[in-house]
Amino acid sequence: MKAITIEPKKAGSAQLENVSDPDFHYGSVLVEAIAVGVCGTDVEMVEGKYGWAPPGEMRLVLGHESLGRVRDPGPSSGLKKGDLVVGIVRRPDPVPCPNCAVGEWDMCRNGQYTERGIKEIHGFMSERWRIEPEYAIKIDPTLGILGVLLEPTTVVTKAWEHTLAVGRRAFWEPRTALITGAGPIGLLAALLGVQLGFEVHVLDRYQSGLKPELVRALGAAYHSTSVADVGFAPDVVLECTGAGEVISDAISSVGASGIVCLTGVGHGGPVPTMPMADIGSSAVLKNNIVFGSVNANKRHWYKAAEALARADRSWLARLITGRERPEDFAKALSRGAQHIKVIIQFADL
Ligand SMILES: [Zn+2]
């Protein structure tokens, strides 16, 4: 079967190649791939900056934002042939650490977790893949191709859940949320914020085009200013850019007792002009919480699937701005900034 693979840590090694069919040890459920979303992590891996092959192998099958159709449910999965499923990405570490032991592999303490398409387990960019029944999430069949948005939705589902959980440390009635960055993560975070009843504001650098349109279509407000200039002090900031300047602005601009959740993974960039001690003082004097959030556990996958099923299908469809065939995977990986989510489509629905 065909698969898109890389030699991890080697730039330019990505190729579409023939590989053997998925090994049974990957799970008793056999799935035919329909589509796989491409994200910044995939791009970094193709650039040789990230990624680990399975032990004893040279190459890794890419892909962690999956959507597939069950071809063989195996003996005991509870799935049926034809069901649409998405594969959970992370697996608990083998030790296991206390968090992995209780099913919170998203909070792994020792870093020995593995991840499909990223860290030591083959991903989903292959014509067929196998999965353990307990890691296959069945989606609402009416979502169709939009099910490929489930994995990024799990990331923001966890971010929102943890934001509200840490807010319970004191009396807190949050009303306003500022999402920084209108990429797929930011837009899905805005969708969930609206579903949760927040007055949602989204900030990005584009002054016109699809991003402002999608934000306004949610009933949210769009800003193309800096965080400091949005004109209010948000109760919640969900930071989805990973840009240093935006992060320091978010911490200094969030309202009293407000929470800043960092989801963007950035590197380098200009040093923020505000000294760290001043950023710290701002957080102290306003009782702020600044925390990071990554990945998702099974509870978030369940909740994210519910949230997607509730969402407007035509709005979700506008998030998918590009579709490429596996042969043209390089085009999907070199997507321009005007794109929101580009997918590689392996089969029709
Ligand atoms: Zn762990």
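Note that ligands are numbered from 1 as they come in the structure, with each ligand's atoms numbered from 1 the same way.
Here the two rings, on W301 and Y135, have centers that are 6.0 Å apart or farther.
Residue V19 belongs to a hydrophobic cluster whose other members are M1, with links defined by side-chain heavy atoms closer than 4.5 Å.
By the 6.0 Å and 45° rule, K119 stacks over the aromatic ring of Y113.
For residues 171-188, the set of pairs meeting the side-chain hydrogen bond (donor to acceptor under 3.5 Å, both in side chains) definition, not counting sequence neighbours, comprises R175-E199, T176-D235, T180-E239. Listed by first and then second residue, the side-chain hydrogen bond (donor to acceptor under 3.5 Å, both in side chains) pairs that reach into residues 136-150 are D140-T142, T142-R313, sequence neighbours excluded.
Protein N/O/S atoms closer than 2.8 Å to the Zn ion (ligand 1): D93 OD2, C97 SG, C100 SG, C108 SG.
A single hydrophobic cluster is seen to contain both L316 and V156, as judged by linkage of ILVMFWY side chains at heavy-atom distances under 4.5 Å, directly or through other members.
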